[in-house]
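What follows is a short report on a single structure.
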Amino acid sequence: MQNLFGDEEYGKQESGKNFADIILPVPIPRMFTYKIPIALAPQIQIGARVIVQFGRKKVLTGIIGKVHNKPPQAYDAKPILEVLDDQPTVNPIQIRFWVWMANYYCCHIGEVMHAAIPSGLRLSSESKIQANPNFDRENSSYPMDAREDMILDALENQSELSYEDCEKILGIKTIHPILKSLVAKEAVLIFEKVQEKYSPKVETRIRIVPEIAADKKALEAVFESLAGKTKQESILLKFLRDIPIFQNLKLNEKGIAKSSLMEEGDSESSLKTLIKNGVFESFKLVVNRIEEAEPEKEPAVLSESQNQALTEIKQHFKEKQTVLLHGVTGSGKTEIYIQLIRETLESGSQVLLLLPEIALTTQIVSRLQQVFGSQMGVYHSKYSDNERVEVWNGVLSGRFSFVVGVRSSIFLPFDSLGLIIVDEEHEASFKQFDPAPRFQARDSAIMLSYFHQAKTILGSATPSFESYFNATQDKYGYVQLTHRYGDASLPEYHLANLSADRKKNLLKLDSTRLMREKIQDALDKNEQVLIFQNRRGYSPYIQCEDCGWTGQCIQCDVSLTYHQFAEELRCHYCGYKEKVPSSCPACGSTQLTTMGMGTERIEESLSLLFPEARLGRMDLDTTRNKYGYQRILDEFGAGQIDILVGTQMITKGLDFGRVTVVGIWDGDRILNFPDFRAGERAFQQITQVAGRAGRRSEKGQVIIQSRNPDNEVFEKVIKGDYYEYFRHEMMERKSFYYPPYVKLVKITTRHTDFKITEKAALALHREMAHIPVKKIVLGPEKALIGRIKNQYQFESMIKLDRSSNTQAEFKTQLNQILENLQATPEFRSVRWIIDVDPN
DNA sequence: AGCACGCCGACT
DNA sequence: GTCGGCGTGCTC
């Protein structure tokens, strides 16, 4: 356990202390003590950013975590180079939160810091070289070689050179020895130039010269003078169309962005002429990257059931910190949120609304923006770093008292949260997988709430079984919202039997007859269709029809995925890619076919089955850029797409009344993966997708294609009986020791050598068995994917008793064990990855 | 994690 | 002979 932080009073200036322990964004389980130079002492405060040298030439931005008077014994502390903040960037609640997260998720505080602070707030170090002013080149006693002379020549013309400049000048990569020699000869100085990376966005804008804009006659005269000059005229007309200055002259002040005035085909020269002739003028404006929307005038009226739920939530909040809001799709949870957010903001507290990444680009955000206007910040995963910094600073300055954001927005510098809402709380994407900290944002949000003495709402149409379990245990308040908005009826389910259709030869391009009929019905009635394919099923690959060859990744134990668009085979684990071979590399046959069913493939099948229909596809590939998602949604909303094929994403935010048929292409794929949560996930996914069907008066149709339609998950989904399925699952989890009855910790052992990996994993297992807490240790087993990026991996799973003492004790001892193992020469380069509460 | 240093093969 | 491959060790 790290106990970096003592009892210092936050923000208090620490002028009496000589040393500071600094949190640095590096994954090292240690704290770093630096000297406080006397000159900087008055500026030192806990939570402020500092610049320190770390290692030979690296400078890093760190956070002051602790200030004291104990000089380190084993080494000489380096001095803090600079203090960046007058006001701390990180507040004490955040530091507590970081410490909690590092301890709970078994990672280092530096890793938490790395995840928490946008890199725009860290500083880049760039070493620069300048000529030594005291150096006399003519009369130097040191001989210079050719390369050294080249550098000195360059410094006659430029006052400073970066390392990169030097590399270019000399045309070689290893410049360090040369620079070192120049420093030794006192010819140059190396200095670290530290820059704040954040830069505000500046836009070139165009407006009509104010005198003309204010004078109708003058403007008419301009039009007359432009007669015949169509290009210039059209630009002026476009301006007046977008900026109606006759209605509101003030609009001219801010003008229009040059980029939006100039459309494709417009010539730059026409605009230049207009500026030259004194019609337009151009000017620069610092703009916010985050767009603002006008606040909505009148608040929406809550329905009776919504009001009821609201009252219940408030009632629970009197004694409970967390409330689970279980509301079926379309029951209007958003309106309840809005009401609670508004009240919390009015009481002067801040609000955070967490959404899964895929839901963030949807209507809910624009809806909220209409209500809350410019006091609301949006924190996207697709935001650039500058935009993240803007949100961060917005929260810090108080400009944003309400933030809608993804997982990582729990790290924003809130100082007085009153309410955190986690919408779609069952979503797996709230758990961070890969780099540490491997945190579950929903659980962390509850902890953060606790630190702020705030309240938490978990909202879902299909709550995670953990959350629902907590509700049944009275740990959370539980509020149900059953009525669908406008009394839309629940959809009608149909199971389409793939095996039966295959036997009867009714299967066409992987579609059952029932599926085709239902789609055709919808198309005939000019209604829309959604086809869902689970992402885990998205793995089309290439196979040789003659010998069965499939492309394998050269550094991982997986098949390569076929990407039609790029004509490539790619590895989803390491990024390796190769061109699709024209003939089989194993037997030379040219009979290579694509196997598996990705969204791309389904789209193709559908285009053959329904040549008239207008198709759209929504998956990771088609929504890669920031607005791709919105574009597809808009097209679909405008009725320009009849059938939309997509992954998970289509279950979010589609809120259009014309969808009457939802097809689940491969229902089995949702069920079949080796994970204790498979059933729960299947239930959630099917219910969520089905919820997109028939939201208005028309009853929706849901078709599930499956090879074994008798599976009880399907049965329970169709009955819509969440509670019954929950009870069934809980019995299994209890008898087989799965969450929520135990806590899981997964430990992955990785190394390039198979034998060493196995040996290390076994050694770890042996040691863990001795930890004296109530637990079950499983494994180690070769991981499902035995090798990734040339690293073999073994996994151990530990099932811990639910008490928090057990967990804390286990984690402490585990860290100790790993430290010892790591110190064994044999296991020096073995990597261990701890995943607490894995998905 | 970076990033140095250090000791072995393939190139001007 | 040098360039540069990545194994190993350290960072206050």
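When distances run from any side-chain atom of A:Ser829 to the nucleotides C:dT8, C:dC12, C:dT11, the shortest one goes to C:dT8. Comparing B:dA1, C:dG9, C:dC12 against the side chain of A:Pro27 picks out B:dA1 as the nearest. For A:Thr33, taking side-chain heavy atoms from C-beta onward, the closest of the listed nucleotides C:dC12, C:dG9, C:dT8 is C:dC12.
Per the geometry, CD1 belonging to A:Ile28 stands 11 Å off C1' belonging to C:dG9, to the nearest Å. Rounding to whole angstrom units, CZ of residue A:Phe32 and P of C:dC12 are separated by 7 Å. Atom CD1 in A:Ile22 sits roughly 17 Å away from atom P in C:dT11 (whole-Å rounding). One atom, CD of A:Gln53, and another, P of B:dC3, lie 13 Å apart when rounded to the nearest Å. When the P atom of C:dG9 is taken as reference, atom CZ of A:Arg30 falls 14 Å away, rounded to whole Å. We find that CD1 of A:Ile833 is positioned 9 Å from P of B:dA1, with the value rounded to whole Å. Between the P atom of B:dA1 and the CD1 atom of A:Ile117 lies a distance of 20 Å, rounded to the nearest Å. When the P atom of C:dT8 is taken as reference, atom CD of A:Gln822 falls 13 Å away, rounded to whole Å.
Look at A:Lys431 and A:Asp837 and you find no salt bridge, because none of the NZ, NE, NH1 or NH2 atoms lies under 4.0 Å from a carboxylate O.
For the pair A:Arg442 and A:Leu354, the minimum side-chain heavy-atom distance is 4.5 Å or more.
A distance of 12.0 Å separates CE in A:Met447 from NE2 in A:His452, rounded to the nearest 0.5 Å. Here A:Glu82 contributes atom CD and A:Arg49 contributes atom CZ; the two are 10.0 Å apart, rounded to the nearest 0.5 Å.
Within 4.0 Å of A:Pro72, counting heavy atoms only, lies no atom of the nucleic acid at all. Base engagement by A:Phe54 is indicated by at least one non-hydrogen atom pair under 4.0 Å involving a base atom.
Checking the phosphate oxygens (OP1, OP2) of C:dG9, a side-chain nitrogen or oxygen of A:Arg828 falls inside 4.0 Å.
Annotation for A:Ile22 and A:Gly62: closest pair CG2-CA, 3.7 Å, computed over non-hydrogen atoms.
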